[in-house]
Amino acid sequence: MSTPFPFTAVVGQDDLRLALLLNAVSPAVGGVLVRGEKGTAKSTAVRALSALMPQVDVVAGCRFSCAPAAPDPACPDGPHEAGPGVSRPARMVELPVGASEDRLVGALDIERALAEGVKAFEPGLLADAHRGLLYVDEVNLLHDHLVDLLLDAAAMGASYVEREGVSVRHAARFLLVGTMNPEEGELRPQLLDRFGLTVEVAASREPDQRVEVVRRRLAYDDDPDGFATRWADEESAVRARIVAARELLPSVRLGDGALRQIAATCAAFEVDGMRADIVMARTATALAAWSGRTDVLAEDVRQAALLALPHRRRRNPFDAPGLDEDRLDETLEEFGGGDDAAGSDTTGGPDGSHDSDSSDGSDEDDPDPDGPGGGRPPQHGPDDGDEGDGGESSGEVPAQGTPSENENGQAPSPGAGEQSPVRAAEPFRTKVLSVPGLGEGAAGRRSRARTEHGRTTGARRPRGALTKLHLAATVQAAAPHQRARGRSGPGLVVRRDDLRQATREGREGNLVLFVVDASGSMAARQRMSAVKGAVLSLLLDAYQRRDKVGLVTFRGSAAEVALPPTSSVDAAAVRLESLPTGGRTPVAAGLLRAHDVLRVERLRDPARRALVVVVTDGRATGGPEPVALAGRAARLFAADGVASVVVDCESGPVRLGLAGRLAGELGGTAVTLDELRADSIAGLVRDVQGNSRRAA
């Protein structure tokens, strides 16, 4: 096993280190979600924490890590009698994104269960992580069914396995730590709220600190053992401090004044439910214990709010997590008072209660020991610093209805200059658009697919390991051979060839590729605002249905890929918000560029089916016979069998119906902006294939 990078050698990342240490002191805080760009030591810090965790006492031979002083009476390896037990290091278990359900919760030996009637259970990762740390890298990419199992185990502190009448239950209490890059997609709200604390990390822009990061990393790569030895004293000091804080924790007093501040803060920031109050209280208590105090001060409450509330204030997936620190300070001051809160310094006390540089003993080696901290997430979106659409994303976006170059608010003529971006109208709930047929793509919530989870539709011989037994089909396959196999007792003689895998039907996530007309004919203020609102609504729907999304725009004389296919729906929303308009309408160029995008994506992910959403009024301009050229480009999609829908943005008393004709060439269907709403008369759930047949 390779030597992990020392926790105390991590440069900067004060809030990340503090959040991890607080959970090591008090696992009841509820874990940590670490959000940030790639290459910011997220995984390094988490893996390094495991070396600092105090050892645990376990019952000898118990696969479920029962505590010898209070063994689990329902332990599958039990019953255990109280005894001294043995000590071992706390485990850090990593859950791969592509893990199966059996690997997570454990698996039953189906053959022995049927043939011998015994519960032969092989524990999974949840059992291994009990009383330790469960780490999920790229947690936002975890399949939904695994997320559901994690939520259940985290809520109940136990894992339940139910298979064909055989039940197994074991304790599963663990420190849950997840890392993610927001550019690759967001978490489901239920799992997001399950993390006690959240931390935003970013690479330092200070040259001295970056130099120190590189210096330490190179030294570690050259000699991992020697590098770890040089930091051994600092590691031992932090480990001892964690043990001392754990022992002090039961003596920490959370007074009424601090409780009032916690409740007032959660109410002021309008967080949902009561979990935030509980997490803040536990975090503030852990902060006091970490600082060696038995009283919770206002500074502890402030730091707890900065770590526990930002991710709970999101109202939709496009909101950036964050907290208004001025408002926080005002709330704490208004509801301060009492012996435990009065006179405390909200910026940090002299004892270093939330100065993680002093906590890990690396002050003298850190080039910026007083660097940024305090739990404040970076206030930027996932695409800050990205030129994106020609650098248009920077600057203030004018409000809806604000006049631009065209003071009368009318659409400029084709070929007119570029118009500044407008804000999207309020999003709405859209009707469901799905891909026809039965797919086998990634789990999601849009189109029908063969999946590991869902309703059982049949049985087949297993390909590889058996994961979902179809009991009736297995018995039916084994029954005719019982006499030939010499069956003499009540047990059914089952062999490998008799086993049948259940085939199930559920839902998959698709690639929803938006092809958006940004030409001059679409540029009228109110009209483009409505169009952006419709696309934003479809993006929200894609987020809820776990789709990948991409964005192609066309205007002037060409088309561009504004956002390559990604799981980050909020990244698409940012690009949409900054989308400029103006110029001619090269519909064919937009469709050809989208066709190229789909061709590449089929090579990368052949199982994921695509849904193309073209948002245009269909008025192709530019070049000879632009409408005919657009029709020929559209027929490429029809020839490939790509599901498509055209959102018809044409308005006014005179309608040419060009969007409808384009939908016919695509082999799809056309809907107006009004029909896109789920609550409209035409807002029934429609299959794209069925609609395309009616359109033809």
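Side-chain atoms of Arg47 do not come within 3.5 Å of backbone N or O of Ala45 as any donor-acceptor pair. Between the side chain of His311 and the main chain of Val199, no donor-acceptor pair closer than 3.5 Å is present. Side chain of Arg131 to main chain of Asp57: a donor-acceptor pair is present (N/O by atom type, distance under 3.5 Å, no hydrogens or angles). A donor-acceptor contact shorter than 3.5 Å links the side chain of Asp300 to the backbone of Leu297. Using a distance-only test at 3.5 Å, with no hydrogens or angles considered, no donor-acceptor pair links the side chain of Arg246 to the main chain of Ser26. Judged by distance alone, the side chain of Ser236 and the main-chain N or O of Ala232 form a donor-acceptor pair under 3.5 Å. When atom types are taken as modelled, the side chain of Arg293 and the backbone of Asp295 share a donor-acceptor pair closer than 3.5 angstrom. Judged purely by atom type and a 3.5 angstrom limit, Arg35 has no side-chain atom pairing as donor or acceptor with the backbone of Thr198. The backbone N or O of Ala19 sits less than 3.5 Å from a side-chain atom of Asn23, completing a donor-acceptor pair. Using a distance-only test at 3.5 Å, with no hydrogens or angles considered, no donor-acceptor pair links the side chain of Lys548 to the main chain of Val512.
For the atom pair CG of Leu579 and CG of Leu551, the computed distance is 7.0 Å after rounding to the nearest 0.5 Å. Taking CD from Gln13 and NZ from Lys42, the interatomic distance works out to 9.0 Å, rounded to the nearest 0.5 Å. Taking CZ of Arg312 as the start and CG of Asp272 as the end, the distance is 10.5 Å to the nearest 0.5 Å. Between Phe7 atom CZ and Glu234 atom CD the span is 13.5 Å, to the nearest 0.5 Å. Here the CD1 atom belonging to Ile242 is positioned 6.5 Å from the CG atom belonging to Leu49, to the nearest 0.5 angstrom. Here the CG-OG1 distance, from Leu306 to Thr283, works out to 11.5 Å after rounding to the nearest 0.5 Å.
A side-chain donor from one of Ser65 and Arg88 sits under 3.5 Å from a side-chain acceptor of the other. Inspection of the Ser43 and Tyr135 side chains reveals an N or O donor paired with an N or O acceptor under 3.5 Å.
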* **Residue pair Leu332, Leu328: steps toward the side chain to side chain contact (heavy atoms under 4.5 Å, CB included) verdict** => CA-CA 6 Å; Leu332 293 176; Leu328 173 61; 4.1 Å; yes
* Start with the C-alpha gap between Thr8 and Glu235, add the side-chain angles, then the distance that decides, and say whether side-chain hydrogen bond (donor to acceptor under 3.5 Å, both in side chains) holds. => CA-CA 6 Å; Thr8 52; Glu235 294 281 287; 2.8 Å; yes
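Comment: Arg608 does not engage Glu601 in a salt bridge, judged by the lack of any side-chain N to carboxylate O separation of less than 4.0 angstrom. Electrostatic pairing of Arg302 and Glu299 does not count as a salt bridge here, judged by no charged N lying under 4.0 Å from a carboxylate O. Taking a cutoff of 4.0 Å between a charged side-chain nitrogen and a carboxylate oxygen, Glu206 and Arg210 do not qualify as a salt bridge.
Closest of all the heavy-atom pairs between Val296 and Thr285 is CG2-CA, 4.0 Å. The minimum heavy-atom distance linking Leu309 with Ala276 is given by the pair CD2-CB, 3.8 Å. Pairing each heavy atom of Arg173 with each of His130, the nearest pair is N-ND1, 3.0 Å. When all heavy atoms are compared, the tightest approach of Met53 to Ala24 is SD-CB, 3.8 Å. Shortest non-hydrogen contact noted between Val549 and Ala572 is CG2-CB, 4.0 Å. Pairing each heavy atom of Ile262 with each of Ala281, the nearest pair is CD1-CA, 3.6 Å.
Considering Val139, Val32, Asp137 in turn, Asp137 is the only one that fulfils the side-chain contact (heavy atoms from CB on, under 4.5 Å) rule with Thr179.
Geometric assessment of Arg327 against the ring of Phe269 yields a positive cation-pi assignment under the 6.0 Å and 45° thresholds.
Thr294 has its side chain within reach of Leu248: a pair of non-hydrogen atoms, C-beta onward, lies under 4.5 Å apart.
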